[in-house]
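This report concerns only the one structure given below.
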Amino acid sequence: MPPIIFCRFKLVSSARMEEHGFESTTIDDILKAKGKGADGSWLWCTTDDTVYNAVKSMTQHNVGALVVVNPGEQKSIAGIITERDYLRKIIVQGRSSKSTKVGDIMTEENKLITVTPETKVLRAMQLMTDNRIRHIPVIDEKGMVGMVSIGDVVRAVVIEHRVELDRLNAYIRGGY
């Protein structure tokens with residue numbers, strides 16, 4: 001079964017992130033800025049898929065992680081599988097990716113570090129840095145909303161800092 005791409009429905013430019021001011025950008029702002037059909041829209045596989053097919057999907061879509069769901073339960077997240085899981089739990093251990101199921105090597109839902117759409121970008125960056133992770137699922141009260149990467153988070157912080165620098169320069173020049 002090929003993975004399904006879940007996308008957000010509203011295209012919003014990075015200017016949307018700039019509206020809020022310094023250090024107030026949220027994960028929801030990042031998801032909106034990524035827009036419908038953008039690279040990084042979250043992909044999924046099931047616990048019963050082979051690791052080989054999951055890694056093949058990651059390669060085809062140029063992503064480093066897939067959300068894992070139980071078969072027939074596409075609304076609730078069972079875990080996440082990353083390139084790092086593949087390297088550490090298949091390659092290093094000499095296992096076969098064609099005979100190992102995703103559910104055997106994924107990071108399970110109860111061990112996942114997640115954020116909500118309301119989480120501030122700097123908080124997400126801190127969580128990702130402290131826990132040495134590059135992908136973080138975004139979950140609200142209804143379930144999975146999306147996924148952001150460390151690249152998405154860094155990009156948002158750079159935009160915030162650039163806008164703040166522009167504001168400070170305008171203030172210094174008297175153009176506020």
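Side chains are part of it too, since the values below use all heavy atoms of this structure and drop only hydrogens, waters and symmetry mates.
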Residues at least two apart in sequence or cross-chain that pass side chain to side chain contact (heavy atoms under 4.5 Å, CB included) with Pro117, listed by chain then number, are Asp28, Val138, Asp140, Val145

Smallest heavy-atom separation, Lys89 atom then Ile105 atom, equals NZ-O, 2.8 Å

What one should report as the nearest heavy-atom pair of Leu127 and Thr114 is CD1-O, 4.4 Å

Closest non-hydrogen contact found for Val69 with Ile77 is CG1-CA, 4.5 Å

Side chain proximity check, Met128 to Ile133, heavy atoms < 4.5 angstrom: yes

**Study point:** Beyond-backbone contact of Thr47 with Pro71, side-chain heavy atoms, under 4.5 angstrom
**Key:** yes

Could you walk me through whether Glu118 and Thr26 pass side-chain contact (heavy atoms from CB on, under 4.5 Å), step by step? CA-CA 6 Å; Glu118 295 77 29; Thr26 64; 5.5 Å; no

Rounded to the nearest 0.5 Å, the CD1 atom of Ile150 sits from the CZ atom of Arg132 at a distance of 11.5 Å

Is it possible for you to say whether Leu122 and Val153 belong to one hydrophobic cluster, with membership spreading through side-chain heavy-atom contacts below 4.5 Å? yes

Looking at Lys32 and Asp29, does any basic side-chain N land under 4.0 Å from a carboxylate oxygen? no

* To do: Please indicate whether Lys56 has more than 12 foreign heavy atoms, meaning atoms of other residues, nucleotides or ligands, lying under 6.0 Å from its NZ.
  => no

Q) Taking the side chain as C-beta and beyond, is there a heavy-atom pair between Leu31 and Val148 under 4.5 Å? A) yes

Rounded to the nearest 0.5 angstrom, the CD1-CG distance for Ile30 and Asp152 is 6.0 Å

*Would you find a donor on one side and an acceptor on the other, under 3.5 Å apart, between the side chain of Ser57 and the backbone of Asn53?*
no

Val102 with Val92, same ILVMFWY side-chain cluster at under 4.5 Å:
no

Where do Thr119 and Thr116 land on the side-chain hydrogen bond (donor to acceptor under 3.5 Å, both in side chains) test, with the steps shown first?
CA-CA 5 Å; Thr119 302; Thr116 67; 3.2 Å; yes

What one should report as the nearest heavy-atom pair of Ser24 and Lys120 is O-NZ, 3.6 Å

pair Thr107-Thr82: side-chain heavy atoms closer than 4.5 Å:
no

CG (Leu87) and CD (Gln93) are apart, to the nearest 0.5 Å, by 11.5 Å

side-chain contact (heavy atoms from CB on, under 4.5 Å) evaluation trace for Val63 with Met147:
CA-CA 11 Å; Val63 297; Met147 183 154 9; over 6 Å; no

Heavy-atom nearest pair, Ser149 first then His135, reads CB-CD2, 4.0 Å

What I'd like to find out is whether the side chain of Cys45 reaches to under 4.5 Å of the side chain of Ile81, using heavy atoms alone.
yes

Taken to the nearest 0.5 Å, the spacing of Asp130 CG from Met125 CE works out to 11.5 Å

One should read off an interatomic distance between Asn131 CG and Gln126 CD, to the nearest 0.5 angstrom, of 9.5 Å

Residues 90-115 vs salt bridge (charged side-chain N to carboxylate O under 4.0 Å, His left out), sequence neighbours excluded, gives none

One should read off an interatomic distance between Arg134 CZ and Glu83 CD, to the nearest 0.5 angstrom, of 6.0 Å

Test item: Arg162 and Leu165 side chains (from C-beta on) under 4.5 Å apart, heavy atoms: no

side-chain contact (heavy atoms from CB on, under 4.5 Å) between Val115 and Arg123: does it pass, once the steps are laid out? CA-CA 9 Å; Val115 292; Arg123 175 66 182 139; over 6 Å; no

Smallest heavy-atom separation, Val51 atom then Tyr86 atom, equals CG1-CD1, 3.7 Å

